There are 2 protein chains.
Amino acid sequence: MDEVKPDKREAILQATLQLVAEHGFHDAPCSLIAERAGVAAGTIYRYFENKDVLILELYRELETKINSALLDGYSLDKPFRERFIHLVTGLLNFFILHPKEFKYIEQFHNSPYGVAFRRDRIMGQSEDCGIYVELFKQGIAQQVLKDLPLAVLCDLAFGPTVSVARNHILGVVQLDDNLISQIAAACWDSMKR
Amino acid sequence: MDEVKPDKREAILQATLQLVAEHGFHDAPCSLIAERAGVAAGTIYRYFENKDVLILELYRELETKINSALLDGYSLDKPFRERFIHLVTGLLNFFILHPKEFKYIEQFHNSPYGVAFRRDRIMGQSEDCGIYVELFKQGIAQQVLKDLPLAVLCDLAFGPTVSVARNHILGVVQLDDNLISQIAAACWDSMKR
DNA sequence: GATAAATGAATGAACGTTCATTTAAATTTA
DNA sequence: TAAATTTAAATGAACGTTCATTCATTTATC
C-alpha cells in the first residue's frame, strides 16, 4: 500500500511544467503553481529551496528523461547514418509525444536560467552531449562527415529538428513517420561529405 | 543646424534594445530603460503608449532593417542556389554584425509577445516571408528542391542558420567568410533534390 | 503527545503606469 | 526686440498591483 503517496513534490513539478509550457515563465507565479498542484503556496518551499531551484530541477529531470529515451535502442555497432537517424527521429518523436516538455525546455533555454546554464555546459561540455559529440568526432575522422566544427555539426543536425518540432506543436505542419524520416534524411544530407 | 535633435524616441529604443539583449525581458524594467536612455520614466509614455507597444515597435523596426539588408543585391534573375546562398549568408552576416539585434529578436520570439505575433504571421503569411516562400515554391515546382512542406524547407534553411549565429555570438564558434559559405552550402545540400 | 507536514494570511520588494508640477519652446503682443 | 502668454515636453514621486517568500498556526502521522 505505497500507492497512495500524494507525492506533492511531483504535483508541484507537473503544475510548473504545465503552467510554464502554457504561459511562459511570466504568468506562472507560485500562487498559481500551488493552486494547480492542489497545494498551499508555502508547501512549495518544503520541497524546493526557492523558485529558481524548482525551475532548474525540473529542467534537469526533463533532460535526463530525454537522454534515456534517446539511448533506447541506440547501438554503437550500427553504421553512422543509422545512428544519426536514430537520434534525430528519437528526438522528434519525443517532442511530438511531449509537447509540454518541449515548450518548457524552449522557455528555459531562452531565459536568464538557460543562458547561465549553457555557459556552464559549454565549459565542461560532457555527460549528455557525449553521444552526439562522439558520433560526430568519429564521423569526421572517418571522412563520412564534413570537416566542420562540432558545434556547427550540432547546429546542422538539431537546428532544423528543434525548429520543425516547434512548428508541429504550433500546428504549422503535421509531422508523421514518413515526413520525420524525410527530415532526418535531409539533416544527414547537410552533414555528410 | 538640425543636427542637435536629441531624439529621445530613438534613445529609448536603443536603451531597450541593449537592456533586453543583455538581460532578457526580465531585468529590463522601464526604470532602467529610462535611466540608460537619459530620460525620465514618464517620458517613455510620451513616445509609446505602453511597454508592450514599445517592445513590439522595436521588433518591427528590426525586422524591416533585416529585410532591406537581405534584399540588397538580391536578384530574381540569378539561379536558385545562388539566390538561396545569398539569403543565408546575408542573414548570418547581419546577425554577426548586429549581435544585440539578434539577441533581441530571439528574446522576442520566445516571449508572450512573440507567440501571439507568430500566430498572426502564420494566418496571413505575407509581406516579409514572401522572398523565401516564392523562392521555395519555384524550387519545388522546378524539381530543384525536395518536395516538402514550405515550413519544413524554412526550418531546414534557417534552423541551422539561427542556431549557428547564436553559437557565434555566445563565442562557441568563430564564424568567418569561409565557414559561413560552407554552412550555407550545407543547408542547400539538405534542401536540394 | 511529540514530531513532521501543510497551511495561507502577511510582508516587503519590484514593477508598470499616472499625474500634478516644472521646464523649455513657440507664439503673440506691445 | 523684449516681454508676456500659450503650448508642448519632460519630470519623478506616488500609486496600485503582483510577485516570491516567510512564519505563526493548524493538521496529520507515528
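Here the structure is a predicted model, which is why all the values come from computation and not from measurement.
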**OP:** Nearest 0.5 Å please: distance from the CG atom of A:D72 over to the CG atom of A:N67.
**Re:**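 One gets 12.5 Å once the value is rounded to the nearest 0.5 Å.
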
**OP:** Classify the angle between the aromatic ring planes of B:F84 and B:W188 as parallel (below 30°), tilted (30 to 60°) or perpendicular (above 60°).
**Re:**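 Rings of B:F84 and B:W188: tilted, as their planes differ by 30° to 60°.
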
Original post:
Is A:Y47 near enough to C:dA6 that one of its side-chain N or O atoms lies under 4.0 angstrom from OP1 or OP2?
Top reply: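 A:Y47 to C:dA6 OP1/OP2: side-chain N or O found under 4.0 Å.
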
Original post:
Given D:dA9, is OP1 or OP2 found less than 4.0 Å from the side-chain N or O atoms of B:R46?
Top reply: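 Indeed, a polar side-chain atom of B:R46 lies that close.
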
Original post:
Tell me: NZ of B:K8 to P of D:dA8, nearest whole Å?
Top reply: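 From B:K8 NZ to D:dA8 P: 18 Å.
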
Subject >> Under 4.0 Å protein heavy-atom contacts per nucleotide of nucleotides 14-23 of chain D, with B for base, S for backbone only and - for none >> reply: -----SSBB-

Subject >> Pair A:E63-A:Y59, side-chain donor/acceptor within less than 3.5 Å >> reply: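 Checked: A:E63/A:Y59 side chains pair up, N/O donor to acceptor below 3.5 Å.
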
Original post:
Of A:D147, A:L145, A:V133, which is the lone residue that meets side chain to side chain contact (heavy atoms under 4.5 Å, CB included) with A:L153?
Top reply: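 Result: among A:D147, A:L145, A:V133, A:L145 is the only option passing the side chain to side chain contact (heavy atoms under 4.5 Å, CB included) with A:L153.
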
Original post:
Under the ring pair (Phe, Tyr, Trp, His ring centres under 6.0 Å) test, which residues partner A:H23, sequence neighbours left out?
Top reply: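 If we apply the ring pair (Phe, Tyr, Trp, His ring centres under 6.0 Å) test to A:H23, skipping adjacent residues, there are no hits.
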
Original post:
salt bridge (charged side-chain N to carboxylate O under 4.0 Å, His left out): which pairs involve residues 73-90 of chain A, sequence neighbours left out?
Top reply: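 Of all non-adjacent pairs touching residues 73-90 of chain A, none passes salt bridge (charged side-chain N to carboxylate O under 4.0 Å, His left out).
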
Original post:
For A:F48, which contact category applies under a 4.0 Å heavy-atom criterion: base, sugar-phosphate, or nothing?
Top reply: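 Counting heavy atoms under 4.0 Å across all strands, no contact is made by A:F48.
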
